[in-house]
Each structure stands twice: as structure tokens, then as C-alpha cells.
Amino acid sequence: MKKTYKVEVDCAACAEKMQEAIKNTEGIKDASLSFMTLKCKVEFEDDVDPDAVIRLARENCKKIEDDMEIYV
């Protein structure tokens with residue numbers, strides 16, 4: 001399953017770090033985060049709850065940049 005989320009991030013370097021954090025979240029197959037469009041495209045593993053996984057990804061990103069947001 002693929003979903004696109006609106007994100008809030010302050011700089012391109014932080015966006016790149018957040019993209020890696022999202023990609024490394026269990027349950028996510030692949031992700032790309034665009035600082036220019038402020039959107040994150042996520043491909044989830046089969047048989048996972050996308051809402052639960054994206055919440056975990058958000059927590060991982062907040063460890064890098066605490067004022068970022070992923071809008072579900």
C-alpha cells in the first residue's frame with residue numbers, strides 16, 4: 001500500500017535525515033520526502049497498519065527534528 005502525507009520541516013538537510021528515519025521504520029518498504037513540495041510518499045509492507053506505522057515513523061523523525069510534523 002502507498003500513501004502520501006503532508007509534512008512540515010524547516011530545512012532540506014533535516015528532510016533528508018527524516019527520510020532516512022522513515023525508511024528505517026519497521027513496516028515501511030520505501031519512502032521519499034520532498035522538501036520542495038513538503039510531501040512524503042510512503043510504501044508500506046504488506047499486512048501492516050499504516051496508521052500505526054506512520055505514528056512510529058513520526059516518533060523516529062521527532063528524535064531528529066522535534067518541531068517537524070507528518071500530517072495523517
Side-chain angles (χ1 to χ4, degrees):
M1 170 187 302
K2 293 182 183 181
K3 287 191 164 193
T4 300
Y5 298 93
K6 183 179 176 197
V7 297
E8 184 176 316
V9 62
D10 295 332
C11 71
C14 293
E16 187 174 329
K17 291 177 186 175
M18 288 171 39
Q19 177 178 285
E20 287 306 309
I22 294 167
K23 282 183 174 183
N24 292 326
T25 301
E26 188 172 336
I28 292 180
K29 190 181 291 187
D30 194 23
S32 64
L33 194 154
S34 169
F35 177 68
M36 295 299 291
T37 64
L38 295 177
K39 291 189 180 180
C40 182
K41 295 180 181 181
V42 180
E43 183 177 358
F44 295 93
E45 298 284 346
D46 295 333
D47 300 327
V48 298
D49 177 7
D51 292 334
V53 172
I54 203 66
R55 282 192 297 271
L56 182 58
R58 181 190 296 141
E59 289 174 21
N60 292 339
C61 288
K62 287 204 177 267
K63 293 175 187 174
I64 297 165
E65 185 67 36
D66 65 346
D67 65 346
M68 67 72 58
E69 191 57 66
I70 299 174
Y71 297 101
V72 179

Do you know which two heavy atoms are closest between Val48 and Phe44, and how far apart they sit?
CG2-CB, 3.9 Å
Point-to-point distance, once rounded to the nearest 0.5 Å, from CD of Glu43 to NZ of Lys41:
12.0 Å
Just by distance, do the side chain of Lys62 and the backbone of Met68 share a donor-acceptor pair under 3.5 Å?
yes
Listing, residues 1-18 side-chain donor-acceptor contacts under 3.5 Å, not counting sequence neighbours, or none:
{"residue": "Glu8", "atom": "OE1", "partner": "Tyr71", "partner atom": "OH", "Å": "2.6"}

Quick check: closest heavy atoms across Thr25 and Ala57, and the distance to 0.1 Å?
OG1-CA, 3.6 Å
When rounded to the nearest 0.5 angstrom, what is the spacing between SG in Cys61 and CD in Glu69?
10.0 Å
Heavy-atom side-chain proximity of Arg58 to Val72 below 4.5 angstrom
yes
Out of curiosity, does Leu56 fall in the hydrophobic cluster containing Leu33 (side-chain heavy atoms, cut-off under 4.5 Å, transitive links)?
no
Apply side chain to side chain contact (heavy atoms under 4.5 Å, CB included) to residues Asn24 and Asn60 and explain how you reach the verdict.
CA-CA 9 Å; Asn24 292 326; Asn60 292 339; over 6 Å; no
Roughly how far apart are Lys63 NZ and Glu59 CD, rounded to 0.5 Å?
7.0 Å
For the residue pair Ile22 and Cys40, establish whether any side-chain heavy-atom pair is separated by less than 4.5 Å.
yes
What one should report as the nearest heavy-atom pair of Lys29 and Glu45 is CA-OE2, 3.5 Å
Heavy-atom neighbours of Asp49 CG exceed 12 at 6.0 Å:
yes
